[in-house]
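Contents: one structure, followed by commentary.
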Amino acid sequence: MGIRAGERRDRRDRREPSGPQAWPTTEAEAVALQERLRDAADLTAEGPAPDQVRTVAGVDVAYADGGGLVAAAVTLDAATLDVVEESVHVGRTDFPYVPGLLAFRELPSVTAALDGLAHRPDVIVCDGYGIAHPRRAGLAVHLGVLTGLPCFGVAKTPFLFDFAQPGRERGSFSPLTIEGEEVGRALRTQDGVKPVFVSVGSGIGLEHATALTLRLAPTYRQPETTRRADHLAGRHLAASGQG
DNA sequence: GCGACAG
DNA sequence: ATCTTGTCGC
């Protein structure tokens, strides 16, 4: 039944042998890995400007009861926003949702879905945070390091940072800060709607991540990458019985 | 010490 | 995340 938030489990309780690359199964191991990933992220690259991005992939996960899940990856043409290809992975997770450790719950299945794509996208957009994270190692940092691709996050709700409301017009933004350090932006993608929260993961700077997010969200609050992946995962979960 | 806390 | 109907507005 997996571990629960706040629960510890020592080595001999694991079912999998503990190799050097073993995926963490306890909170302590997960935190230790994040502290190494934080240093492996490329936070200096400007990354591709929107005009240089040909394809961009969105990833998301839909959950059933008991740990069952469907991860989806959808690649879009960055210029037209047409779907180029889709991939789903039906699996499960035993890692619980713990704020700050979301990557350990979602990424194994997300990477499996990405592996199902025939072509590597130029950029990946996550549903969650990058460096706007207590250890600067959110989902997008983790996935960027794992894939070696430019990666950033677009989240829907605030996490652990300070920010002021941006102007009401599409394109307005304000900084997300942690102890005075800028870790992302609250970005208004449509006039008068709640802002989304953009933070880089690895291999792309905040300027390009912001510009690409706006380009990916011409009509709705969330970028089309996230919407497409969200819908694909949900559709597939419903079709596969559970939900 | 007790909450709050991406999805 | 997920559970869920109608409803206000363009």
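Predicted model only: the values in this text are computed from it and were never measured. First the proteins, then the strands, lettered A, B, ... as listed; each starts at 1. These values consider heavy atoms only, across backbone and side chains, with no hydrogens, waters or symmetry-generated copies.
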>> Using a 4.0 Å heavy-atom cut-off, does Leu107(A) contact any base of the nucleic acid, only the sugar-phosphate backbone, or nothing at all?
In response: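 It contacts nothing in the nucleic acid.
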>> Regarding Ala132(A), tell me which of base, sugar-phosphate or nothing describes its non-hydrogen contacts under 4.0 Å with the strands shown.
In response: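 It contacts nothing in the nucleic acid.
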> In terms of side-chain heavy atoms, does Tyr63(A) have a donor or acceptor partner in Glu106(A) at a distance below 3.5 Å?
Replying inline: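 A donor-acceptor contact under 3.5 Å links the two side chains.
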>> If you define the side chain from C-beta out and look only at heavy atoms, does anything of Val141(A) sit under 4.5 Å from Arg136(A)?
In response: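 In short, these two side chains do not touch, never coming nearer than 4.5 Å.
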> Is there side-chain contact between Gln34(A) and Phe104(A), with at least one heavy-atom pair below 4.5 Å?
Replying inline: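 They are in contact (side-chain heavy atoms under 4.5 Å apart), so the answer is yes.
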> Which range-with-range stems can be found for DNA chain B when each stem has 3 or more Watson-Crick or G-U pairs in a row and both distances sit under 3.5 Å?
Replying inline: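 Nothing qualifies as a stem here.
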> For Asp94(A) and dA1(C), what is the distance between atoms CG and P respectively, to the nearest whole Å?
Replying inline: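 After rounding, the reported distance stands at 21 Å.
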>> Please report the distance, rounded to the nearest Å, between CG in Asp60(A) and C1' in dA1(C).
In response: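 That distance rounds to 9 Å.
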> Looking at residues at least two apart in the chain, or sitting in another chain, which of them share a side-chain hydrogen bond (donor to acceptor under 3.5 Å, both in side chains) with Arg120(A)?
Replying inline: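 For Arg120(A) there are no side-chain hydrogen bond (donor to acceptor under 3.5 Å, both in side chains) partners, ignoring immediate neighbours.
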> Quick one: side-chain hydrogen bond (donor to acceptor under 3.5 Å, both in side chains) partners of Glu169(A), sequence neighbours excluded?
Replying inline: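 Only Ser172(A) meet the side-chain hydrogen bond (donor to acceptor under 3.5 Å, both in side chains) criterion with Glu169(A).
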> For the side chain of Arg228(A) and the backbone of Gly58(A), is there at least one donor-acceptor N/O pair under 3.5 Å apart?
Replying inline: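 The answer is no, because no donor-acceptor pair under 3.5 Å joins these two groups.
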>> Taking Phe95(A)'s backbone N and O only, do any of them form a donor-acceptor pair with Arg105(A)'s side chain (distance below 3.5 Å, no angle check)?
In response: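 A pair under 3.5 Å: yes.
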>> Restricting to salt bridge (Lys or Arg N to Asp or Glu O under 4.0 Å), what partner residues turn up for Arg227(A), sequence neighbours left out?
In response: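 By the salt bridge (Lys or Arg N to Asp or Glu O under 4.0 Å) rule, Arg227(A) matches Glu224(A).
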>> Holding to salt bridge (Lys or Arg N to Asp or Glu O under 4.0 Å), I want the full list of residues that pass it with Glu35(A), two or more places apart in sequence or in another chain.
In response: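 Listed in chain order: nothing, the list is empty.
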> Quick check: are there more than 12 heavy atoms from other residues, nucleotides or ligands sitting under 6.0 Å from NE2 of His119(A)?
Replying inline: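 Not more than 12 within 6.0 Å, no.
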> Would you say Glu46(A) has more than 12 foreign heavy atoms packed within less than 6.0 Å of its CD?
Replying inline: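 Open: at most 12 neighbouring heavy atoms sit under 6.0 Å from CD of Glu46(A).
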> So, for Thr147(A) and Leu143(A), which heavy atoms are closest and what is the spacing to 0.1 Å?
Replying inline: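 Here Thr147(A) and Leu143(A) meet closest at OG1-O, 2.8 Å.
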>> Only Watson-Crick and G-U wobble pairs, only distances under 3.5 Å, only runs of 3 or more: what stems does that leave for DNA chain C?
In response: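 Paired runs of 3+ in DNA chain C: none detected.
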Contacts under 3.5 angstrom, residues 47-57 of chain A side chains, donor-acceptor by atom type, not counting sequence neighbours:
{"unit_1": "Asp51(A)", "atom_1": "OD1", "unit_2": "Arg215(A)", "atom_2": "NH1", "d": "2.9"}
{"unit_1": "Asp51(A)", "atom_1": "OD1", "unit_2": "Arg215(A)", "atom_2": "NH2", "d": "3.3"}
{"unit_1": "Thr55(A)", "atom_1": "OG1", "unit_2": "Asp122(A)", "atom_2": "N", "d": "3.3"}

> 5' to 3' on DNA chain B, which nucleotides open and close the contacts with chain A (atom under 4.0 Å from a heavy atom)?
Replying inline: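 That gives a stretch of dC5(B) to dG7(B).
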> For DNA chain B, what residues of residues 144-158 of chain A have any heavy atom nearer than 4.0 Å?
Replying inline: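 Heavy-atom contacts with DNA chain B come from Ala155(A), Lys156(A), Thr157(A), Pro158(A).
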List, with names and distances, any nitrogen or oxygen atoms from the protein found under 3.5 Å away from nitrogen or oxygen atoms belonging to nucleotides 6-10 of chain C.
none

Using distance only, find each side-chain donor-acceptor pair of residues 194-206 of chain A under 3.5 Å and give its atom names and separation, not counting sequence neighbours.
{"unit_1": "Ser199(A)", "atom_1": "OG", "unit_2": "Gly130(A)", "atom_2": "N", "d": "2.7"}
{"unit_1": "Ser202(A)", "atom_1": "OG", "unit_2": "Asp42(A)", "atom_2": "N", "d": "2.8"}

> Quick one: side chain to side chain contact (heavy atoms under 4.5 Å, CB included) partners of Thr177(A), sequence neighbours excluded?
Replying inline: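 Side chain to side chain contact (heavy atoms under 4.5 Å, CB included) list for Thr177(A), sorted by chain: Asp162(A), Pro175(A).
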